Amino acid sequence: MADSPNAKFSDTFWILIIIFYFAFHVLYRTALGGALGLDEAEIILDAQSFRLGYGPQLPLYAWLQRLVFLVTGPTIFGLSLLKNVLLCGMVLTLYFVLRTTFPARIAALGAASLILVPQFSWESQRALTHSVLMSFSAMFCFATLWLLARRASGSNFTLLGAVLAVGGLTKYNFAIMPVAVLLSCLCFPQMRANLFRWGLAGSFLLCAVLLAVPFVWVLQNPEIAFDSAHKFEMVDQIDVQTFSFAGVIAVLKATFNFLLLPALVLGALLIFSRDRTVMPPPATDLERLMHWTIGVALVLLLIGTTVAGVTNMKDRWLQPALLLAVPAATLWLLPRLTVTGNRRLQQIYISFMILITLALPVHFFKPGANVAARFDRLMPQVTATMSSDAVLIADQWVAGNLFYYAKDRRVVKIGGRDNMPEMGDLVLVWVGSDLVQGQNLLLEALPKDKIAYLETPKVFQAPYRFSGEEEFFTLSVARVVRD
């Protein structure tokens with residue numbers, strides 16, 4: 001591929017467009033402000049220290065967020081900065097992978113097709129944290145393996161080992177990507193020859209060394225590390241009599257949900273804007289590897305869910321398996337479209353970007369939404385009712401917001417019983433005015449052998465943002481009395 005001045009200009013243009021979009025979202029989320037969302041509240045608490053484990057979440061995102069906070073402080077800007085750097089990195093990584101085979105414009109349209117995937121374009125801006133890092137790591141892993149498949153070298157195998165370790169510290173489902181790519185490369189003689197060397201064993205060894213200490217913690221704390229396993233709704237025992245296709249159906253349903261919107265968009269373009277006068281070129285090696293990777297990843301998921309007895313699957317858990325699906329479909333579609341069809345696709349991308357930008361504040365600040373909660377108004381009233389050394393305890397979302405709006409106070413998240421102070425003044429804070437809810441939270445917060453009760457709670461209210469005086473956000477605050 002010629003590296004002409006025009007090609008360099010085109011690369012610079014598309015790269016700047018990608019960077020600008022995500023830089024805008026950093027500033028946009030910061031300007032919108034409001035309370036913290038659920039995932040933001042979780043990570044702002046976790047990122048207050050470096051630890052080997054953060055409950056069921058692997059530690060890398062919290063470590064990175066901690067480093068960002070050392071510069072920005074625990075702010076919405078810092079939260080949005082890390083997330084959008086990772087999202088931008090994922091799109092740029094895909095762009096550079098595609099540029100090894102395609103002209104800049106085709107590579108840009110292929111990379112930008114991720115905007116059609118709600119899990120990437122909407123959910124990542126709305127809520128996600130750890131899944132964003134996992135998706136970036138999976139994309140970078142594919143890029144590294146593609147680099148090795150084209151040209152093996154010691155430095156590239158070292159890079160692969162580091163990338164595998166990074167991905168291994170994001171989310172457990174990251175493993176789908178490297179396994180699927182490696183198995184897919186077996187089908188390509190030249191890729192197989194380049195990849196399956198002693199250097200690959202060195203990559204695995206480096207990965208194992210880098211992951212040893214964090215995963216020793218996982219093995220020593222399985223109840224904490226795998227606390228979220230119940231989400232899979234796994235069957236305890238599987239045999240010929242009890243076997244069902246619930247796991248297979250769950251994977252197919254999640255795949256359908258993940259791909260429905262981009263399939264509708266790309267399908268409509270194929271129907272109404274297809275150029276029937278042009279003979280499409282054969283698939284490139286990169287495209288074929290992408291197709292094989294998607295297929296192998298889905299087969300692995302179907303086998304894994306069946307063997308493990310999984311009966312529930314969320315579409316966001318499929319990101320490492322389906323990350324390449326929409327870009328691959330877009331690359332297949334582009335040479336089959338008319339000039340007008342290509343222009344329509346770019347217009348659809350822009351429309352999605354505008355729609356997401358307009359929809360975010362509507363979603364964030366609708367009455368009852370987490371970001372619309374008025375912690376900013378209520379926290380001065382809440383803290384005025386207690387001593388300066390009182391320890392605030394609350395569930396994850398409330399605790400994150402208590403810390404964000406009262407950084408001079410000690411806040412403890414319910415769920416880590418070892419973190420509950422044995423002595424001192426404890427104050428429980430919860431949403432709503434239901435005393436039973438507060439009592440249940442107290443039972444969850446303290447060890448079973450501890451006897452405690454709540455004093456009469458104080459209730460504070462403020463209207464949700466932009467709701468007028470119609471709907472109110474309510475916090476209850478009660479001192480914990482321990483025998």
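Nothing fancy with the numbering, it's 1 onward along the sequence. Model, not experiment: these values are computed from the prediction.
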Less than 4.5 Å apart, any side-chain heavy atom of [X] and any of [Y]?
| X | Y | result |
| --- | --- | --- |
| Val371 | Leu36 | no |
| Val431 | Leu475 | yes |
| Pro56 | Phe226 | no |
| Phe142 | Thr93 | no |
| Met313 | Val310 | yes |
| Leu92 | Ile19 | yes |
| Phe24 | Thr357 | yes |
| Pro327 | Leu114 | yes |

Residues Asp11, Arg99; criterion salt bridge (charged side-chain N to carboxylate O under 4.0 Å, His left out); working and verdict
CA-CA 9 Å; Asp11 279 329; Arg99 278 293 281 131; 2.7 Å; yes
Between Tyr404 and Lys407, is there a cation-pi geometry (under 6.0 Å to ring centre, at most 45° from the normal)?
yes
Kindly write out the residues that satisfy side chain to side chain contact (heavy atoms under 4.5 Å, CB included) with Ala47, not counting sequence neighbours, or none if the list is empty.
Gln65, Arg66, Phe69
Test salt bridge (Lys or Arg N to Asp or Glu O under 4.0 Å) applied to Glu455 - qualifying residues, sequence neighbours left out:
Arg479
Take the angle between the ring planes of [X] and [Y] and call it parallel below 30°, perpendicular above 60°, tilted in between.
| X | Y | answer |
| --- | --- | --- |
| Tyr172 | Phe215 | perpendicular |
| Phe473 | Trp397 | perpendicular |
| His25 | Tyr21 | perpendicular |

Given 3.5 Å as the limit, does a donor-acceptor pair link the side chain of [X] with the main chain of [Y], or not?
| X | Y | result |
| --- | --- | --- |
| Gln220 | Trp217 | no |
| Ser476 | Gly432 | yes |
| Asp46 | Tyr54 | no |
| Lys83 | Leu128 | yes |
| Trp63 | Arg51 | yes |
| Asp395 | Val398 | yes |
| Gln48 | Ile44 | yes |
| Ser124 | Gln119 | yes |
| Ser80 | Phe77 | no |

Within the 3.5 Å criterion, strictly below it, is a donor on Arg344 or Gln347 matched to an acceptor on the partner's side chain?
yes
Modelled atom types, side-chain donor and acceptor of Arg29 and Asn84, under 3.5 Å:
no
Rounding to 0.5 Å, atoms CG (Leu81) and OG1 (Thr75) come to a distance of 8.5 Å
Once rounded to the nearest 0.5 Å, what's the spacing between atom CD1 of Ile348 and atom CG of Leu355?
12.5 Å
Would you check, one step at a time, whether the test side-chain contact (heavy atoms from CB on, under 4.5 Å) holds for Leu211 with Leu169?
CA-CA 8 Å; Leu211 291 179; Leu169 291 174; 3.5 Å; yes
Val91 and Ile115: CA distance, side-chain angles, deciding distance, side-chain contact (heavy atoms from CB on, under 4.5 Å) verdict
CA-CA 10 Å; Val91 178; Ile115 199 73; over 6 Å; no
Testing the basics here: between [X] and [Y], what is the closest heavy-atom pair and its distance to 0.1 Å?
| X | Y | result |
| --- | --- | --- |
| Leu164 | Pro178 | CD2-CB, 3.6 Å |
| Gly34 | Ile76 | O-CD1, 3.6 Å |
| Leu45 | Gly400 | CD1-N, 3.5 Å |
| Leu32 | Pro361 | CD2-CB, 3.9 Å |
| Gln319 | Ser135 | OE1-OG, 2.8 Å |
| His130 | Tyr61 | ND1-CB, 3.5 Å |

Working for side-chain contact (heavy atoms from CB on, under 4.5 Å), residues Ser131 and Trp317:
CA-CA 8 Å; Ser131 292; Trp317 301 340; 5.9 Å; no
Flag yes if more than 12 heavy atoms outside Phe136 fall under 6.0 Å of its CZ atom; otherwise flag no.
yes
Crowding at CZ, Phe472 (>12 non-hydrogen neighbours, <6.0 Å):
yes
Could you check whether Phe364 and Phe466 have their ring centres less than 6.0 Å apart?
no
Please tabulate, for the side chains in residues 252-272, all donor-acceptor contacts under 3.5 angstrom to protein atoms that are two or more places apart in sequence or on a different chain.
| from | atom 1 | to | atom 2 | distance (Å) |
| --- | --- | --- | --- | --- |
| Thr255 | OG1 | Val251 | O | 2.8 |
| Asn257 | ND2 | Lys253 | O | 3.4 |

Any Lys/Arg nitrogen of Asp425 or Arg482 sitting under 4.0 Å from an Asp/Glu carboxylate oxygen of the other?
no
